[in-house]
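Chain letters run A, B, ... following the sequence lines, proteins first and then strands; every chain starts at 1.
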Amino acid sequence: MPEVPNDTNNRISNESERRSDAPAERSLNFIEQIVEEDIASGKNGGRVHTRFPPEPNGYLHIGHAKSICLNFGLADKYGGKTNLRFDDTNPVTEDTEYVESIKADVRWLGFEWENEFYASDYFDQLYAFAENLIQKGYAYVDDSTAEVIAAQKGTPTEPGKDSPYRTRSVEENLDLFRRMKAGEFPDGAKVLRAKIDMASPNMHFRDPIMYRIKHAHHHRTGDAWCIYPMYDFAHGQSDSIEQITHSLCTLEFEVHRPVYDWYIEKLGIFPSRQIEFARLNLTYTVMSKRKLLQLVNEGHVSGWDDPRMPTIAGIRRRGYTSASIREFADRIGIARRDNLIDVGLLEFCIREELNKTTTRVMAVVDEQPIKVVLTNYPEGQVDEVAIENNPEDHESGHRNVPFSRELYIERDDFLENPPKKYFRLSPGGMVRLKGAYIIKCEEVVKNDEGEIVELHCVYIPESRSGSDTSGINVKGTIHWVSVAHTIEAEVRLYDRLLTSEDPSSEDRDFKEFINPKSLEVVRAYVEPSLKTAQAGDRFQFIRKGYFCIDPDSSNEKLVFNRTVTLKDTWAKEQRKS
RNA sequence: UGCCGGGUCGUCUAAGGGUAGGACGACAGAUUUUGGUUCUGUUUGUGAGGGUUCGAAUCCUUCCCCGGCAACCA
């Protein structure tokens, strides 16, 4: 697990700050309404205690971020607490690597948990709960195979059938369950089931399995156990043990709620309340751990933290700030209807922040930039021109950038036969070099293949930025770097991971929609001030987008990730025609 | 076909018997030494029918559509 860099934008506002910061009064989401009703009625003594319960079998993604912001945000808002609880009841898929990454991600998002718990902390207690239910006649040991149990379960439209083992005596059940625990039986030989109703219209009520035998090494309890509780027999009781007041989960657990309540009722323990909300779906990506794991294992991406991944680790490496993720979570809201959020909203959130905070720098992102030679500029002369660090922040000051006779500009910023509203450079045309002079293109130099290799231009000495007396008005301003002073860098340009807006709605497998151009690695020529930039530093490349230094970067070779492009109305217009 | 949910601008999300509002997007304009930012304006919505009511997105009813549920996963 790589160390997670500090996020300077990671400050969590305290309560009073948050209140004064609060813009217009926002309406409550349905969970906040429930919480406020509970507080008003004095339920749980007005206490609010939530929990974030990941299973440590994969990395967290932006959908988890929604849940984290909801759970921690709710506690924060109502003076409550939030536990981090690892739902580690299935040792074969779980690992401490995931535990560590999850903790790092939650912290990076800006939240600190009240308690760090594990469902495995409660194995003794859960075992006692199970014996309790056996004693009350609510549970029995079933020797049937998985296949037989599945067959007896019936279907959604047909009731199930009772297992022949359903009528075992309490004594026999107790004896068998203890021997399951003692390791007398192989995996799959027996399970402990709740005795509820094999004819229930809710499939989860048809004698759900409580414990199964798994002779597997657990990441925390080691080899102490060979029986492990199922989700349904662990989650609600864990909530109850921790006195969780509001147990928030996604919609697919809705049909589990009657089971959740049933165990709590039969055990007579603290009644936590489960409330479901719709999970996050984002356009042009997938959000299931299974699919993300597949992308990682099959090498479609470089790892869980590949900047194209919707994982928190990936988004972080891409250059997103945690504040922008929190803002996003806030804007998408909480409701029960299925949703598919436009990834454009996420991009809006990061642009909004980075626009205010990043230093503007000159970077010519082009494998083959065009060299501009200013024929009337003295050879060997170097000028220092002042560039505003950030026009959105007047305190940010200026920085000197070297200017000389030979410059690089992007190939896109010159067109031999420009269309009507093209504001950039063209033969005989004029353009402003950002922070420097207006230039006029007088000659286009081509190689034998007819490719443009050089532009011979003249600069207008009176047009210098800040002291322009030329009286010339140009429509366009372009960025540039001085050939003699630039440093080369690698830039990784990311695009959407998938080409389908909603891959789950497609007939074909999601992997058929992997965007072959989701990563493009190009060379760039950047201004010398970037020499000392450190991993995690963020910049705006003027007119291009927001970029951050990747951990792969070194003193020898700068590596930038493009977090997000700037809005580009010109490109949009081009696409239309 | 059984059970449980859910349907409000293109996308999210409010309004819970009394003006359908906000955000993102889109479009138009202003400003701009980033075709960025900022500002202004515009556009578009209650799945359908019936009922209750002075008045329905909201209550009742029939229908339609969408999602989830049949792992010894969570």
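An OP1 or OP2 oxygen of B/G7 is reached within less than 4.0 angstrom by a side-chain nitrogen or oxygen of A/Arg337. The side chain of A/Lys214 contributes an N or O atom lying less than 4.0 Å from OP1 or OP2 of B/C73.
Checked by atom type and distance alone, the side chain of A/Glu410 pairs as donor or acceptor with a backbone atom of A/Val365 at under 3.5 Å. Side-chain N or O atoms of A/Asp88 include none that pairs as donor or acceptor with a backbone N or O of A/Tyr118 at under 3.5 Å. A donor-acceptor pair under 3.5 Å is formed between the side chain of A/Asn390 and the backbone N or O of A/Thr358.
Taking the side chain of A/Val255 as heavy atoms from C-beta on, and the options B/A15, B/C69, B/A14, the nearest nucleotide is B/C69. When distances are taken from the side chain of A/Arg331 to each of B/A14, B/C73, B/C24, the shortest belongs to B/C24. With B/G5, B/G35, B/A14 as the candidates, the nucleotide lying closest to the side chain of A/Trp570 is B/G35. Taking only side-chain atoms of A/Phe253, from C-beta outward, the nucleotide of B/G35, B/A74, B/A14 with the closest atom is B/A74. Residue A/Arg543 has its side chain nearest to B/U34 when only B/U33, B/U34, B/A70 are considered. The side chain of A/Ser27 sits closest to B/A14 out of B/U37, B/G68, B/A14. Proximity note for A/Thr89 (side chain, C-beta onward) versus B/G7, B/A74, B/U33: the nearest is B/A74. When the nucleotides B/U33, B/C69, B/C12 are ranked by their closest atom to the side chain of A/Asn339, B/C12 comes out on top. Side chain of A/Asn90, nearest nucleotide from B/G35, B/A74, B/G2: B/A74. Of the listed nucleotides (B/U37, B/U34, B/G35), B/U34 has the atom at the smallest distance from the side chain of A/Gln540.
For the C1' atoms, the distance linking B/G6 with B/U13 amounts to 15 Å, nearest Å. For the C1' atom pair drawn from B/G10 and B/G50, the interatomic distance equals 31 Å after rounding to whole Å. On the P atoms, B/G25 is 16 Å away from B/U11, given to the nearest whole Å. Taking atom P on both B/G35 and B/U58, the two are 49 Å apart, rounded to the nearest angstrom. For the C1' atom pair drawn from B/C64 and B/U53, the interatomic distance equals 26 Å after rounding to whole Å. Nucleotides B/C9 and B/A14 have their C1' atoms positioned 13 Å apart, rounded to a whole Å. Here, B/C27 and B/U37 have their P atoms 13 Å apart, quoted to the whole Å. Comparing the same atom, P, in B/G67 and in B/U52 gives a spacing of 35 Å after rounding to whole Å.
A/Arg424 contributes a side-chain N or O that forms a donor-acceptor pair with the base of B/G35 under 3.5 Å. Between the side chain of A/Gln574 and the base of B/G35 there is no donor-acceptor pair of N/O atoms closer than 3.5 Å.
Pairing for B/U8 is absent, with no Watson-Crick or G-U wobble pair whose two atom distances lie under 3.5 Å. Remark: B/A14 base-pairs with no nucleotide; criterion is Watson-Crick or G-U wobble with both hydrogen-bond distances under 3.5 Å. Base-pair partner of B/A26: B/U42 (Watson-Crick or G-U wobble, both distances under 3.5 Å). When Watson-Crick and G-U wobble pairs are counted only if both distances are under 3.5 Å, B/A74 pairs with no nucleotide at all. The partner of B/G35 cannot be assigned: no Watson-Crick or G-U wobble pair with both contacts below 3.5 Å exists in any strand. Base pairing of B/C69: its partner is B/G2, meeting the Watson-Crick or G-U wobble criterion (both donor-acceptor distances under 3.5 Å). With a cut-off of 3.5 Å on both pairing distances, the Watson-Crick or G-U wobble partner of B/C63 is B/G47.
The nearest heavy atom of RNA chain B to A/Lys153 and to A/Lys475 marks one nucleotide each, and the one closer to the 5' end goes with A/Lys475. Two residues, A/Leu345 and A/Asp568, neighbour RNA chain B, and the one matched to the more 5' nucleotide by heavy-atom proximity is A/Leu345.
Seen from the ring of A/Trp480, A/Lys434 does not count as a face-on cation partner, given the 6.0 Å and 45° thresholds. The cationic atom of A/Lys214 (NZ for Lys, CZ for Arg) does not lie both less than 6.0 Å from the six-membered ring centre of A/Tyr228 and within 45° of the ring axis.
Taking 4.0 Å as the cut-off between side-chain N and carboxylate O, A/Arg538 and A/Glu353 do not count as a salt-bridged pair.
Side-chain N/O atoms of A/Asp105 and A/Ser101 include no donor and acceptor closer than 3.5 Å.
Within the 4.0 angstrom heavy-atom criterion, no nucleotide atom of any strand lies near A/Glu327.
Residue-nucleotide stacking is not present for A/Tyr231 and B/A74, judged by a side-chain ring centre under 5.5 Å from the six-membered base ring centre and planes under 30° apart.
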